There are 2 protein chains.
Amino acid sequence: MSHAFRHRDILEIARQEGKVTVEGLAQHFGVTLQTIRRDLSDLAEDGRLERVHGGAMLPSSTSNIGYEQRQTLNAKAKAAMAKACAQRIPNNISLFLNIGTSTEAVARELRAHQNLLVVTNNMNVANILAETQGCEVVVTGGNLRRADGGLVGKLAIETILQFKFDLAIIGCSALDRDGDLLDFDIQEVGVSQTILQQSRKTYLVADASKMKRNAPARIASLSEIDTLFTDAPLPADLPERCAAWDTEVVVTQAS
Amino acid sequence: MSHAFRHRDILEIARQEGKVTVEGLAQHFGVTLQTIRRDLSDLAEDGRLERVHGGAMLPSSTSNIGYEQRQTLNAKAKAAMAKACAQRIPNNISLFLNIGTSTEAVARELRAHQNLLVVTNNMNVANILAETQGCEVVVTGGNLRRADGGLVGKLAIETILQFKFDLAIIGCSALDRDGDLLDFDIQEVGVSQTILQQSRKTYLVADASKMKRNAPARIASLSEIDTLFTDAPLPADLPERCAAWDTEVVVTQAS
DNA sequence: ATAAAAACGAACATAAACGAACAAATTCGC
DNA sequence: GCGAATTTGTTCGTTTATGTTCGTTTTTAT
């Protein structure tokens with residue numbers, strides 16, 4: 001019997017039972033343990049199963065592991081930025097928070113604020129603010145992106161168009177030497193641009209690592225941003241440019 | 001057998017019972033206390049559980065306490081209902097899950113399904129399914145209701161109107177003797193009615209406690225529901241009525 | 001406050017599972 | 001039918017998981 005048949009059946013069993021054991025499968029198919037191990041290795045390599053000692057399980061979407069790690073990266077610097085940003089957010093306004101670990105950090109610092117209307121397309125922000133008393137939370141619709149809990153796509157944009165924000169707080173994937181905000185995901189770019197368009201004032205929160213990265217899609221220029229919060233001095237002649245653009249730059253140091 | 005299997009089950013039990021004991025788990029899995037201690041240490045290290053003397057609990061970060069208590073109420077019965085419901089959900093369809101602990105239980109049972117498009121106005125459902133591979137998740141917009149993670153209001157309804165679902169799985173606050181579905185929140189009623197209107201088929205998941213309660217707003221009648229999943233026989237002459245309405249009733253027993 | 005009991009975690013021993021390498025069997029193309 | 005390629009079985013040294021023991025810490029009862 002070809003391994004292809006077994007693979008199909010193994011997946012079927014795994015879906016029904018939630019798990020499979022090497023021993024059990026060997027018995028079921030009447031083959032040796034080693035054969036089953038090879039099957040499971042193959043399936044695990046394709047990401048169809050998750051190998052564990054003694055068997056395998058259905059994969060528990062592995063994508064957000066990278067995200068969780070990223071989240072702990074630069075945690076202190078991010079918290080400092082977020083604090084500075086939160087300090088400049090008045091009470092009694094409407095604001096938008098978009099996708100990214102930096103905006104999530106800002107959300108955590110909003111605990112003490114009063115009477116905010118917060119709109120977000122970030123599930124994590126919504127979860128954080130769900131425990132905060134002083135603000136009403138509105139979630140945009142959208143397709144859930146597992147990697148980072150973002151809500152993107154047509155639905156998100158349509159929702160945003162129904163609002164006008166006093167303030168938008170956004171993050172981005174990268175920030176290049178020319179002062180352009182860049183993102184990995186084209187879908188997300190559309191959302192971000194819509195946010196900028198619907199906001200009276202804009203804060204960008206971007207730690208220094210963003211300036212060492214690159215990304216394909218352009219969201220906007222720093223010239224369209226009112227204030228940039230970051231954790232290290234800007235490189236090259238960006239400070240001068242920002243001054244010319246009337247873009248305030250707030251640099252914080254991690255404690 | 002691998003600890004990975006146990007870890008998954010331990011978390012599952014912890015969610016249902018709210019807590020786990022070393023002794024109880026050791027008995028449940030047929031392993032020594034030390035093995036369970038190691039498991040709990042691992043899970044605690046990952047922040048998935050909070051270790052306490054004699055066992056472990058859900059980490060305190062998880063949402064609202066009143067809500068959580070309600071969630072652990074009837075946990076086993078709910079899981080049984082949810083399993084029965086999930087079994088009748090085919091692969092490769094679009095479905096809606098609305099607000100309520102019962103629908104969240106169903107979401108947990110969708111792990112093994114393939115190629116589902118799940119739309120929900122329940123943040124908890126979205127969080128649960130974010131870790132499930134076999135389905136794409138779309139979140140409706142809406143105002144976040146802290147009490148239960150529900151998204152309600154105009155935005156939610158507008159989003160739902162953009163879809164047509166193969167199947168809707170809904171919960172309700174109460175179910176009265178006449179076979180009417182009732183809810184505490186007028187806003188939520190509008191959402192639920194819109195869902196019913198946009199769905200080809202409808203499942204209602206409601207445990208027996210719903211029949212002892214009352215609520216002010218009427219969503220619909222059982223006659224508009226295809227199948228009712230519950231955990232105790234219906235009172236009075238409801239079974240006959242359901243038969244006349246061609247509403248199937250599935251009664252499950254907690255194991 | 002103190003003693004007994006329970007739970008804990010570290011260290012070690014044992015058993016189970018693992019993967020690599022090679023041999024045997026089977027399948028496929030010709 | 002023959003040889004090559006693929007698949008499966010076998011063996012064995014290595015890694016991982018579990019059980020056991022024991023001294024320490026925490027909880028409970030007095």
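In this text, all values refer to a predicted model and were calculated from it rather than measured experimentally. Residue numbers start from 1 in every chain, and the chains themselves are labelled A, B, ... in the order their sequence lines are given, proteins ahead of strands.
- Counting to the nearest Å, the C1' atom of C/dG9 and the CG atom of B/D42 are 13 Å from each other.
- Atom CE of A/M211 sits in a crowded spot, with more than 12 heavy atoms from other residues, nucleotides or ligands closer than 6.0 Å.
- Ring-plane geometry between B/F165 and B/F163 is classed as parallel, the angle between the planes falling under 30 degrees on a 0 to 90 degree scale with a further cut at 60.
- For the pair B/R51 and C/dC8, the criterion of a side-chain N or O lying under 4.0 Å from OP1 or OP2 is met.
- Between the CG atom in A/N122 and the CD1 atom in A/I128 there is a gap of 7.5 Å [rounded to 0.5 Å].
- Relative to the axis of its first five pairs, the axis of the last five pairs of the helix from C/dA1-D/dT30 to C/dC30-D/dG1 sits at 50°, rounded to 10 degrees.
- Map B/V52 and A/S41 each onto its nearest nucleotide of DNA chain C; the residue landing nearer the 5' end is B/V52.
- Following rounding to the nearest Å, B/E23 (CD) and C/dA5 (C1') show an atom-to-atom distance of 13 Å.
- B/E248 and B/R88 are joined by a salt bridge, as a carboxylate oxygen and a charged side-chain nitrogen come within less than 4.0 angstrom of each other.
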Which atom pairs, donor and acceptor, lie under 3.5 Å between side-chain atoms of residues 28-35 of chain B and protein residues at least two apart or in another chain?
residue	atom	partner	partner atom	Å
B/T32	OG1	B/T35	OG1	3.1
B/Q34	OE1	B/R37	NH1	3.3

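- Atom CG in B/L25 sits about 11 Å away from atom P in C/dC8, given to the nearest Å.
- Spacing between atom NE2 of B/H3 and atom P of D/dT15 amounts to 17 Å, rounded to whole angstrom units.
- Using a 4.0 Å cut-off between a side-chain N of Lys or Arg and a carboxylate O of Asp or Glu, A/E50 and B/R8 do not qualify as a salt bridge.
- Distances shorter than 4.0 Å separate some side-chain N or O of B/R37 from OP1 or OP2 on C/dC8.
- A/K78 and A/T101 share a side-chain donor-acceptor pair at under 3.5 Å.
- In terms of modelled atom types and a separation under 3.5 Å, the side chain of B/T230 and the main chain of B/A206 share a donor-acceptor contact.
- As rounded to whole Å, 13 Å separates atom C1' of C/dA16 from atom CZ of B/R6.
- Summarising the geometry of A/L58 relative to B/A112, their closest heavy-atom pair is CD1-CA, 4.0 Å, with the distance given to 0.1 Å.
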Close N or O pairs between protein and nucleotides 19-27 of chain D (under 3.5 Å):
residue	atom	partner	partner atom	Å
D/dG19	OP2	B/T32	N	3.1
D/dG19	OP2	B/T32	OG1	2.9
D/dG19	OP2	B/T35	OG1	2.5
D/dG19	N7	B/R38	NH2	2.8
D/dG19	O6	B/R38	NH1	3.3

